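Beneath this line is the structure, given in C-alpha coordinates, with notes to follow.
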Amino acid sequence: TASLSFEYAQNTAASIRKQLPSTLCDPQVAIICGSGLGGLADTIHEAPRFEKSYAEIVHVPLSSVPGHEGKLILGQMGPKKLPVVLLVGRVHFYEGYTMDQVTFITRVCRCLGVTTMIVTNAAGGLNPNYNVGDIVVLNDHLNLAGLVGVHPLLGPNADDFGTRFPPMSDAYDLELRRMAHQSWRALSLDEGKRRIHEGVYSFVGGPSYETRAECRMLRLLGADVVGMSTVPEIIVARHSGMRIVAFSLVTNNAILEAGPRGDDPEIRGMDKSQLEEYLSRGRANHEEVLEAGREAAKDMQALVRHMISNFPHE
Ligand code: ADE
(Lines give C-alpha, C1' and ligand atoms only; values in the text may rest on other atoms or scores of the structure.)
Protein backbone atom coordinates (compact mmCIF):
# COMPACT_ATOMS: atom_id res chain seq x y z
CA THR A 1 0.00 0.00 0.00
CA ALA A 2 0.94 3.64 -0.23
CA SER A 3 2.05 4.08 3.37
CA LEU A 4 4.15 0.94 3.13
CA SER A 5 5.91 2.23 0.04
CA PHE A 6 6.77 5.43 1.95
CA GLU A 7 8.07 3.40 4.87
CA TYR A 8 10.10 1.10 2.64
CA ALA A 9 11.57 4.02 0.71
CA GLN A 10 12.48 5.75 3.99
CA ASN A 11 14.13 2.55 5.23
CA THR A 12 16.14 2.13 2.07
CA ALA A 13 17.19 5.79 2.07
CA ALA A 14 18.22 5.52 5.73
CA SER A 15 20.29 2.40 5.06
CA ILE A 16 22.07 4.15 2.19
CA ARG A 17 22.63 7.35 4.15
CA LYS A 18 24.21 5.41 7.02
CA GLN A 19 26.99 4.27 4.68
CA LEU A 20 27.65 7.66 3.06
CA PRO A 21 30.46 10.10 3.75
CA SER A 22 29.01 13.40 5.00
CA THR A 23 29.92 15.17 1.74
CA LEU A 24 27.45 12.96 -0.14
CA CYS A 25 24.70 12.91 2.45
CA ASP A 26 22.31 15.30 0.80
CA PRO A 27 22.22 14.84 -2.96
CA GLN A 28 20.01 17.39 -4.72
CA VAL A 29 20.02 15.90 -8.17
CA ALA A 30 19.29 12.37 -9.33
CA ILE A 31 20.01 11.14 -12.83
CA ILE A 32 18.27 8.07 -14.18
CA CYS A 33 20.39 6.68 -16.99
CA GLY A 34 18.55 4.85 -19.76
CA SER A 35 19.63 2.05 -22.11
CA GLY A 36 23.33 2.44 -22.90
CA LEU A 37 23.48 5.85 -21.23
CA GLY A 38 25.14 4.76 -18.01
CA GLY A 39 28.61 5.99 -19.04
CA LEU A 40 28.07 9.07 -16.89
CA ALA A 41 28.90 6.84 -13.95
CA ASP A 42 32.47 6.38 -15.21
CA THR A 43 33.03 10.13 -15.27
CA ILE A 44 32.75 10.18 -11.51
CA HIS A 45 35.99 8.63 -10.41
CA GLU A 46 37.27 10.89 -7.67
CA ALA A 47 36.48 10.46 -4.02
CA PRO A 48 34.06 10.86 -2.43
CA ARG A 49 32.30 8.17 -4.39
CA PHE A 50 29.82 5.55 -3.25
CA GLU A 51 28.68 2.67 -5.42
CA LYS A 52 26.29 -0.19 -4.70
CA SER A 53 24.64 -2.64 -7.04
CA TYR A 54 20.88 -2.75 -6.70
CA ALA A 55 21.31 -6.29 -5.37
CA GLU A 56 23.07 -4.86 -2.32
CA ILE A 57 20.37 -2.30 -1.51
CA VAL A 58 17.41 -3.36 0.54
CA HIS A 59 14.01 -3.50 -1.24
CA VAL A 60 15.34 -2.31 -4.63
CA PRO A 61 14.13 -4.55 -7.49
CA LEU A 62 16.70 -5.90 -9.96
CA SER A 63 16.56 -5.43 -13.72
CA SER A 64 16.66 -8.46 -16.00
CA VAL A 65 17.36 -6.71 -19.33
CA PRO A 66 20.77 -7.05 -21.04
CA GLY A 67 22.46 -3.65 -21.16
CA HIS A 68 20.62 -2.43 -18.07
CA GLU A 69 22.94 -3.35 -15.19
CA GLY A 70 21.48 -1.91 -12.07
CA LYS A 71 23.59 0.17 -9.74
CA LEU A 72 23.43 3.31 -7.69
CA ILE A 73 26.34 5.73 -7.53
CA LEU A 74 26.69 8.81 -5.40
CA GLY A 75 29.39 11.30 -6.15
CA GLN A 76 30.14 14.94 -6.84
CA MET A 77 29.81 16.58 -10.23
CA GLY A 78 31.01 19.80 -11.76
CA PRO A 79 33.18 22.62 -10.45
CA LYS A 80 30.75 23.26 -7.59
CA LYS A 81 31.01 19.62 -6.53
CA LEU A 82 27.27 19.15 -6.55
CA PRO A 83 26.34 15.91 -4.81
CA VAL A 84 24.37 13.71 -7.23
CA VAL A 85 22.81 10.27 -7.32
CA LEU A 86 23.24 8.29 -10.52
CA LEU A 87 20.91 5.42 -11.22
CA VAL A 88 22.36 3.17 -13.86
CA GLY A 89 19.76 0.74 -15.09
CA ARG A 90 16.10 0.83 -14.23
CA VAL A 91 13.38 -1.76 -13.95
CA HIS A 92 10.56 -1.68 -16.47
CA PHE A 93 6.90 -2.47 -16.24
CA TYR A 94 7.25 -5.00 -19.07
CA GLU A 95 9.57 -7.11 -16.94
CA GLY A 96 6.56 -7.89 -14.80
CA TYR A 97 7.28 -5.45 -11.98
CA THR A 98 4.45 -3.51 -10.42
CA MET A 99 4.30 0.25 -10.88
CA ASP A 100 5.30 0.53 -7.19
CA GLN A 101 8.49 -1.40 -7.94
CA VAL A 102 9.19 0.52 -11.14
CA THR A 103 9.07 3.81 -9.25
CA PHE A 104 10.57 2.68 -5.94
CA ILE A 105 14.06 4.04 -6.62
CA THR A 106 12.53 7.44 -7.48
CA ARG A 107 10.87 7.48 -4.06
CA VAL A 108 14.15 6.52 -2.41
CA CYS A 109 15.77 9.49 -4.15
CA ARG A 110 13.08 11.78 -2.76
CA CYS A 111 13.73 10.37 0.72
CA LEU A 112 17.44 11.07 0.21
CA GLY A 113 16.52 14.73 -0.34
CA VAL A 114 16.65 14.90 -4.13
CA THR A 115 14.76 17.89 -5.57
CA THR A 116 15.67 17.66 -9.26
CA MET A 117 15.43 14.61 -11.45
CA ILE A 118 17.18 14.20 -14.79
CA VAL A 119 15.79 11.27 -16.74
CA THR A 120 17.24 9.75 -19.91
CA ASN A 121 15.92 6.99 -22.12
CA ALA A 122 16.19 5.37 -25.54
CA ALA A 123 13.07 5.86 -27.61
CA GLY A 124 11.62 5.27 -31.03
CA GLY A 125 11.21 8.35 -33.23
CA LEU A 126 7.69 9.01 -34.53
CA ASN A 127 8.22 12.58 -35.70
CA PRO A 128 9.36 12.32 -39.32
CA ASN A 129 11.79 15.22 -38.76
CA TYR A 130 13.82 13.18 -36.30
CA ASN A 131 16.91 11.18 -37.21
CA VAL A 132 18.42 8.26 -35.35
CA GLY A 133 20.88 9.74 -32.86
CA ASP A 134 18.91 12.96 -32.28
CA ILE A 135 18.07 14.05 -28.77
CA VAL A 136 14.59 15.12 -27.68
CA VAL A 137 13.98 17.30 -24.64
CA LEU A 138 10.59 16.12 -23.44
CA ASN A 139 8.00 18.83 -22.95
CA ASP A 140 4.97 16.60 -22.35
CA HIS A 141 3.85 12.99 -22.33
CA LEU A 142 1.03 10.65 -23.22
CA ASN A 143 0.57 8.19 -20.37
CA LEU A 144 -1.43 5.67 -22.36
CA ALA A 145 -1.26 2.99 -19.68
CA GLY A 146 -2.17 5.48 -16.98
CA LEU A 147 -5.23 6.82 -18.74
CA VAL A 148 -6.80 3.37 -18.50
CA GLY A 149 -5.77 2.65 -14.92
CA VAL A 150 -2.23 1.26 -14.96
CA HIS A 151 -0.82 4.16 -12.99
CA PRO A 152 1.95 4.46 -10.40
CA LEU A 153 -0.23 6.55 -8.06
CA LEU A 154 -3.14 4.09 -8.10
CA GLY A 155 -4.39 3.15 -4.65
CA PRO A 156 -4.36 5.03 -1.35
CA ASN A 157 -2.44 8.29 -1.73
CA ALA A 158 1.02 8.45 -0.18
CA ASP A 159 0.34 11.77 1.55
CA ASP A 160 3.93 11.91 2.82
CA PHE A 161 5.05 12.36 -0.77
CA GLY A 162 2.31 14.52 -2.27
CA THR A 163 -1.33 15.26 -2.92
CA ARG A 164 -4.05 12.93 -4.22
CA PHE A 165 -4.57 14.70 -7.55
CA PRO A 166 -1.22 16.07 -8.64
CA PRO A 167 -1.18 18.27 -11.75
CA MET A 168 0.98 17.08 -14.63
CA SER A 169 0.49 20.06 -16.94
CA ASP A 170 3.75 21.56 -15.67
CA ALA A 171 5.68 18.31 -15.21
CA TYR A 172 8.48 19.24 -17.62
CA ASP A 173 10.26 22.18 -16.04
CA LEU A 174 10.55 25.12 -18.41
CA GLU A 175 13.67 26.57 -16.80
CA LEU A 176 15.49 23.23 -16.96
CA ARG A 177 14.47 22.81 -20.58
CA ARG A 178 15.94 26.24 -21.33
CA MET A 179 19.14 25.25 -19.56
CA ALA A 180 19.33 22.11 -21.70
CA HIS A 181 19.17 24.13 -24.93
CA GLN A 182 21.70 26.64 -23.59
CA SER A 183 24.09 23.83 -22.70
CA TRP A 184 23.61 22.28 -26.12
CA ARG A 185 24.63 25.57 -27.73
CA ALA A 186 27.45 26.22 -25.31
CA LEU A 187 28.93 22.83 -26.15
CA SER A 188 28.55 23.53 -29.89
CA LEU A 189 26.82 20.20 -30.24
CA ASP A 190 24.72 21.78 -32.99
CA GLU A 191 27.68 21.50 -35.30
CA GLY A 192 27.86 17.75 -34.83
CA LYS A 193 25.85 15.04 -36.40
CA ARG A 194 22.79 15.19 -34.22
CA ARG A 195 20.10 17.73 -33.51
CA ILE A 196 18.12 18.57 -30.41
CA HIS A 197 14.32 18.85 -30.42
CA GLU A 198 11.45 19.33 -28.00
CA GLY A 199 8.74 16.73 -28.12
CA VAL A 200 6.04 14.59 -26.58
CA TYR A 201 6.90 11.13 -25.21
CA SER A 202 4.36 8.38 -25.43
CA PHE A 203 4.63 5.66 -22.78
CA VAL A 204 3.71 2.15 -23.91
CA GLY A 205 3.84 -1.03 -21.84
CA GLY A 206 5.99 -3.08 -24.23
CA PRO A 207 7.85 -5.38 -24.55
CA SER A 208 6.95 -5.82 -28.21
CA TYR A 209 7.74 -2.85 -30.38
CA GLU A 210 4.81 -1.09 -32.04
CA THR A 211 3.13 -2.24 -35.20
CA ARG A 212 2.93 0.15 -38.12
CA ALA A 213 -0.68 0.89 -37.31
CA GLU A 214 0.21 1.59 -33.67
CA CYS A 215 2.96 3.98 -34.79
CA ARG A 216 0.48 5.86 -36.96
CA MET A 217 -2.00 5.96 -34.07
CA LEU A 218 0.59 7.37 -31.65
CA ARG A 219 1.67 9.98 -34.19
CA LEU A 220 -1.96 10.94 -34.74
CA LEU A 221 -2.33 11.38 -30.98
CA GLY A 222 0.52 13.87 -30.95
CA ALA A 223 3.49 11.76 -29.89
CA ASP A 224 6.98 12.53 -31.18
CA VAL A 225 8.77 9.61 -29.52
CA VAL A 226 7.65 6.30 -28.03
CA GLY A 227 9.22 4.26 -25.27
CA MET A 228 8.70 1.82 -22.46
CA SER A 229 9.95 3.78 -19.45
CA THR A 230 10.30 7.21 -17.88
CA VAL A 231 6.66 8.27 -17.49
CA PRO A 232 5.99 6.26 -14.30
CA GLU A 233 9.14 7.69 -12.70
CA ILE A 234 8.26 11.20 -13.81
CA ILE A 235 4.76 11.01 -12.37
CA VAL A 236 6.05 9.78 -9.04
CA ALA A 237 8.84 12.37 -9.00
CA ARG A 238 6.38 15.13 -9.83
CA HIS A 239 3.90 13.89 -7.23
CA SER A 240 6.58 14.44 -4.60
CA GLY A 241 7.36 17.92 -5.92
CA MET A 242 10.58 17.31 -7.80
CA ARG A 243 11.61 19.38 -10.80
CA ILE A 244 12.10 17.30 -13.89
CA VAL A 245 14.00 17.37 -17.13
CA ALA A 246 13.94 14.35 -19.42
CA PHE A 247 15.81 13.43 -22.59
CA SER A 248 15.06 10.81 -25.19
CA LEU A 249 17.71 9.52 -27.49
CA VAL A 250 16.15 8.53 -30.80
CA THR A 251 17.46 5.03 -31.45
CA ASN A 252 15.24 3.99 -34.34
CA ASN A 253 12.60 5.47 -36.57
CA ALA A 254 9.10 4.15 -36.33
CA ILE A 255 7.56 3.49 -39.73
CA LEU A 256 4.48 5.44 -40.49
CA GLU A 257 3.71 3.98 -43.90
CA ALA A 258 0.95 1.45 -44.18
CA GLY A 259 1.91 -2.22 -44.04
CA PRO A 260 1.77 -4.97 -46.67
CA ARG A 261 -1.97 -5.36 -46.32
CA GLY A 262 -2.58 -1.65 -46.15
CA ASP A 263 -2.99 0.89 -48.88
CA ASP A 264 0.65 1.31 -49.74
CA PRO A 265 0.86 1.25 -53.54
CA GLU A 266 4.65 0.87 -53.39
CA ILE A 267 4.47 -2.82 -52.52
CA ARG A 268 2.35 -3.92 -55.45
CA GLY A 269 4.55 -5.55 -58.01
CA MET A 270 7.46 -6.16 -55.64
CA ASP A 271 9.14 -9.54 -55.84
CA LYS A 272 9.86 -11.58 -52.70
CA SER A 273 13.29 -10.12 -51.94
CA GLN A 274 12.15 -6.53 -52.53
CA LEU A 275 9.23 -7.15 -50.20
CA GLU A 276 11.51 -8.62 -47.55
CA GLU A 277 13.81 -5.60 -47.76
CA TYR A 278 10.81 -3.29 -47.55
CA LEU A 279 9.41 -5.02 -44.49
CA SER A 280 12.74 -5.01 -42.65
CA ARG A 281 13.13 -1.26 -43.15
CA GLY A 282 12.72 0.54 -39.84
CA ARG A 283 12.04 -2.68 -37.95
CA ALA A 284 13.01 -1.98 -34.36
CA ASN A 285 15.52 -4.30 -32.78
CA HIS A 286 17.20 -4.23 -29.41
CA GLU A 287 20.78 -4.40 -30.78
CA GLU A 288 20.14 -1.30 -32.93
CA VAL A 289 18.75 0.50 -29.89
CA LEU A 290 21.89 -0.26 -27.88
CA GLU A 291 24.19 0.71 -30.80
CA ALA A 292 22.61 4.14 -31.35
CA GLY A 293 22.84 4.59 -27.59
CA ARG A 294 26.57 3.94 -27.59
CA GLU A 295 27.18 6.48 -30.37
CA ALA A 296 25.15 9.31 -28.96
CA ALA A 297 25.80 8.61 -25.31
CA LYS A 298 28.86 10.87 -25.16
CA ASP A 299 26.94 13.94 -26.35
CA MET A 300 24.05 13.21 -24.02
CA GLN A 301 26.46 12.81 -21.12
CA ALA A 302 28.29 16.02 -22.00
CA LEU A 303 24.94 17.80 -22.08
CA VAL A 304 23.91 16.54 -18.66
CA ARG A 305 27.31 17.35 -17.16
CA HIS A 306 27.24 20.86 -18.60
CA MET A 307 23.76 21.46 -17.22
CA ILE A 308 24.82 20.25 -13.81
CA SER A 309 27.87 22.49 -13.80
CA ASN A 310 25.42 25.41 -14.03
CA PHE A 311 23.10 24.22 -11.28
CA PRO A 312 22.94 26.42 -8.21
CA HIS A 313 24.33 24.66 -5.14
CA GLU A 314 21.54 24.94 -2.55
N1 ADE B 1 12.78 2.07 -27.22
C2 ADE B 1 13.59 2.26 -28.27
N3 ADE B 1 12.91 2.22 -29.41
C4 ADE B 1 11.62 2.00 -29.07
C5 ADE B 1 10.44 1.85 -29.80
N6 ADE B 1 10.43 1.90 -31.12
N7 ADE B 1 9.30 1.64 -29.13
C8 ADE B 1 9.31 1.57 -27.81
N9 ADE B 1 10.38 1.68 -27.06
C10 ADE B 1 11.54 1.90 -27.69
Side-chain angles (χ1 to χ4, degrees), residues 32-39 63-70 87-97 99 102-103 118-138 140-148 150 152 194-197 199-235 246-259 278-297 299-301:
I32 302 184
C33 306
S35 299
L37 296 163
S63 171
S64 63
V65 192
H68 288 249
E69 337 77 276
L87 303 160
V88 180
R90 50 153 73 92
V91 299
H92 300 81
F93 187 66
Y94 62 75
E95 293 173 75
Y97 293 107
M99 282 292 180
V102 169
T103 56
I118 301 176
V119 190
T120 67
N121 63 55
L126 292 164
N127 187 320
N129 285 329
Y130 295 178
N131 293 316
V132 169
D134 284 358
I135 287 169
V136 185
V137 183
L138 304 190
D140 211 336
H141 70 226
L142 291 170
N143 182 14
L144 292 172
L147 293 177
V148 294
V150 183
R194 64 193 88 259
R195 288 180 301 157
I196 195 162
H197 311 274
V200 176
Y201 180 96
S202 169
F203 170 60
V204 294
S208 57
Y209 289 114
E210 308 68 45
T211 65
R212 291 154 186 265
E214 286 162 351
C215 289
R216 291 196 296 276
M217 177 191 76
L218 295 171
R219 184 70 191 136
L220 206 63
L221 294 179
D224 296 296
V225 283
V226 53
M228 306 173 194
S229 68
T230 298
V231 166
E233 293 101 315
I234 281 179
I235 290 173
F247 301 101
S248 284
L249 173 64
V250 179
T251 53
N252 55 80
N253 274 319
I255 350 169
L256 299 167
E257 307 138 45
Y278 172 84
L279 287 177
S280 70
R281 244 187 272 159
R283 182 189 287 157
N285 89 48
H286 190 59
E287 224 0 84
E288 176 189 52
V289 169
L290 294 180
E291 183 54 38
R294 278 190 283 274
E295 282 230 338
D299 286 351
M300 181 89 104
Q301 286 156 20

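Counting starts at 1 for both ligands and their atoms, following the listed order. Atoms considered below: every heavy atom in the structure, side chains included; atoms not considered: hydrogens, waters and symmetry mates. Because the structure is a prediction, the values reported are computed rather than measured.
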(request) With sequence neighbours left out, write down each residue that passes side-chain contact (heavy atoms from CB on, under 4.5 Å) with Asn131, or none if nothing qualifies. (result)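 Scan of Asn131 (side-chain contact (heavy atoms from CB on, under 4.5 Å), adjacent residues dropped) gives Asp134, Arg195.
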(message) Suppose we screen for side chain to side chain donor-acceptor pair (under 3.5 Å). Which residues come up paired with Asn127, at least two apart in sequence or across chains?
(response)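 If we apply the side chain to side chain donor-acceptor pair (under 3.5 Å) test to Asn127, skipping adjacent residues, the hits are Asp224.
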(request) Nearest 0.5 Å please: distance from the OG1 atom of Thr211 over to the CZ atom of Arg216. (result)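 Going from the OG1 atom of Thr211 to the CZ atom of Arg216 covers 7.5 Å.
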(request) Mind checking the CD1-OH spacing from Ile234 to Tyr201? Nearest 0.5 Å is all I need. (result)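 Rounded to the nearest 0.5 Å, the CD1-OH separation comes out at 8.5 Å.
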(message) With a cutoff of 4.0 Å, is Ala254 in contact with ligand 1, counting heavy atoms of the residue only?
(response)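 Checking ligand 1 against Ala254, which is what was asked, there is no heavy-atom contact under 4.0 Å.
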(message) Test of understanding: given a 4.0 Å heavy-atom threshold, classify the contact between Asn252 and ligand 1 as side chain, backbone, both, or neither.
(response)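 The answer is the side chain.
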(message) If the cut-off is 4.0 Å to any non-hydrogen atom of Thr251, which atoms of ligand 1 fall inside it?
(response) 2 (C), 3 (N)
(request) Any atoms of ligand 1 less than 4.0 Å from a non-hydrogen atom of Ala122? List them with their elements. (result) 1 (N), 2 (C)
(message) For ligand 1 and Glu210, I'd like to know whether there is a polar contact (N/O to N/O, distance under 3.5 Å).
(response)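 It does: an N or O of Glu210 is found under 3.5 Å from an N or O of ligand 1.
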(request) Examine Gly124 against ligand 1 and note whether any of their N/O atoms are separated by less than 3.5 Å. (result) yes
(request) Would you check if there is a donor-acceptor pair between the side chains of Ser229 and Asn121 at a distance under 3.5 Å? (result)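 No.
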